[in-house]
Asker: 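Take a look at the following structure, please.
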Amino acid sequence: MISIQGIKKNFGSLEVLKGIDLHIDKGEVVSIVGPSGAGKTTLLQIIGTLDKPDAGTVCIDGIDVSHLSKKKLSDFRNQHIGFVFQFHQLLPEFTAIENIMIPAYIAGLSQREARQRAQDLLDFMGLTERASHKPNELSGGEKQRIAVARALINHPAVILADEPSGSLDSKNKEELHQLFFDLRDKFGQTFVIVTHDEQLASITDRTIHMRDGLLETTPIDTINTIEL
Ligand SMILES: Nc1ncnc2c1ncn2[C@@H]1O[C@H](COP(=O)(O)OP(=O)(O)OP(=O)(O)O)[C@@H](O)[C@H]1O
Ligand SMILES: [Mg+2]
């Protein structure tokens, strides 16, 4: 599903990633934890093809993304990867349902189909009544759930989330975390989640510890593999 090998990344003389190998299976919910500056966001951006490594390969859904042209890469990202960030990054001028529909439009779906998919996602998230609200008329938790729906609309291979609950209170945080597991259980959705939230990390299938640009090896008995 996702296979990365020998990933290295420098920013000037700073070695941020020093050789990362990682394999993630379909339907896994994986958390990446580690101190600030360890390279977590950089790694997630490289997995998400938003940044290029200096060395190593990233394979997603069997496609080696290293050789794709810029145009192919943005199509690939649109169709295979969903992103959720700490701050929802919804477009303020558009309603909740329109925000969810945008990636589907970009992928070439008809308006009718995009709206239907967005409506189904809103229903799934219990946000049917919020379809025509603009982001400033939504709570923080609702905005993050809309951002998850937007990430899901093109049925991505993986959702990459960077501190998705970092700006939420504990109730909304728990609801968002539960949503990730509901999506995994119902649709086999794969997640890679960078988080400082120990409670979230503790309930994911696997926690990857990162320090100084390297993954710390996890004792085998703490790896909790899942069966689908
Ligand atoms: N575009 C960039 N140019 C130069 N240095 C960068 C750039 N992006 C990140 N860095 C540096 O790379 C290191 C790793 O950054 P990264 O954002 O990946 O850390 P992180 O593990 O996500 O930290 P945090 O938990 O604080 O979000 C940091 O020292 C950071 O200053
Ligand atoms: Mg970060």
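Whatever order the structure lists ligands and atoms in, that order sets their numbers, starting from 1.
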Asker: To which protein heavy atom is atom 17 (O) of ligand 1 closest, and what is the distance rounded to 0.1 Å?
Answerer: Thr41 CB, 3.6 Å
Asker: I'd like to check whether Phe11 has a polar contact with ligand 1, where a contact means an N/O of the residue lying under 3.5 Å from an N/O of the ligand.
Answerer: no
Asker: Starting from atom 15 (O) of ligand 1, what is the nearest protein heavy atom, named by residue and atom, and what distance separates them?
Answerer: Thr42 OG1, 3.8 Å
Asker: Do me a favour and list the nearest non-hydrogen protein atom to atom 26 (O) of ligand 1 with residue, atom name and distance?
Answerer: Ser36 OG, 2.5 Å
Asker: Examine ligand 1 and decide if any of its atoms is less than 4.0 Å from a heavy atom belonging to Gly34.
Answerer: no
Asker: Atom 31 (O) of ligand 1: protein heavy atom closer than 4.0 Å?
Answerer: no
Asker: Among the heavy atoms of Gln45, does any lie under 4.0 Å from an atom of ligand 1?
Answerer: no
Asker: Looking at NZ of Lys40 and OG of Ser31, how far apart are the two atoms once the value is rounded to the nearest 0.5 Å?
Answerer: 12.0 Å
Asker: Identify whether Ile2 and Phe76 are in the same connected component of the hydrophobic contact network (ILVMFWY, side-chain heavy atoms under 4.5 Å).
Answerer: yes
Asker: If you measure from CD1 on Ile63 to CG on Asp61, what distance do you get to the nearest 0.5 Å?
Answerer: 6.0 Å
Asker: To the nearest 0.5 Å, how far apart are CG in Asp25 and CG in Asp205?
Answerer: 10.0 Å
Asker: Write out the residue and atom name of the closest protein heavy atom to atom 12 (O) of ligand 1, then the distance separating them to 0.1 Å.
Answerer: Val16 CG2, 3.2 Å
Asker: In the protein, which heavy atom is nearest to atom 23 (O) of ligand 1, and how far is it?
Answerer: Gly37 N, 2.9 Å
Asker: How close does the nearest protein non-hydrogen atom get to atom 25 (O) of ligand 1, and which residue and atom is it?
Answerer: Lys40 NZ, 2.7 Å
Asker: Given that the side chain starts at C-beta and the backbone is N, CA, C, O, which of these parts of Asp162 lies under 4.0 Å from ligand 1, counting heavy atoms, or is it both or neither?
Answerer: neither
Asker: Which distance, rounded to the nearest 0.5 Å, do you find between the CD1 of Ile32 and the CD1 of Ile47?
Answerer: 5.0 Å
Asker: Examine His196 against ligand 1 and note whether any of their N/O atoms are separated by less than 3.5 Å.
Answerer: yes
Asker: I'd like to know: is the Mg ion (ligand 2) within the 2.8 Å range of an N/O/S atom from Thr41, strictly under that distance?
Answerer: yes
Asker: State, yes or no, whether a side-chain contact exists between Met101 and Phe94 at a heavy-atom distance under 4.5 Å.
Answerer: no
Asker: Kindly compute the distance separating CD (Gln89) from CD (Gln144), expressed to the nearest 0.5 Å.
Answerer: 9.5 Å
Asker: What's the spacing between Leu179 CG and Gln189 CD if we round to 0.5 Å?
Answerer: 10.5 Å
Asker: Give me the residue, atom name and distance of the protein heavy atom closest to atom 29 (O) of ligand 1.
Answerer: Leu14 CD2, 3.8 Å
Asker: May I have the step-by-step check of side-chain hydrogen bond (donor to acceptor under 3.5 Å, both in side chains) for Asp162 and Thr41, ending in yes or no?
Answerer: CA-CA 7 Å; Asp162 199 349; Thr41 294; 2.7 Å; yes
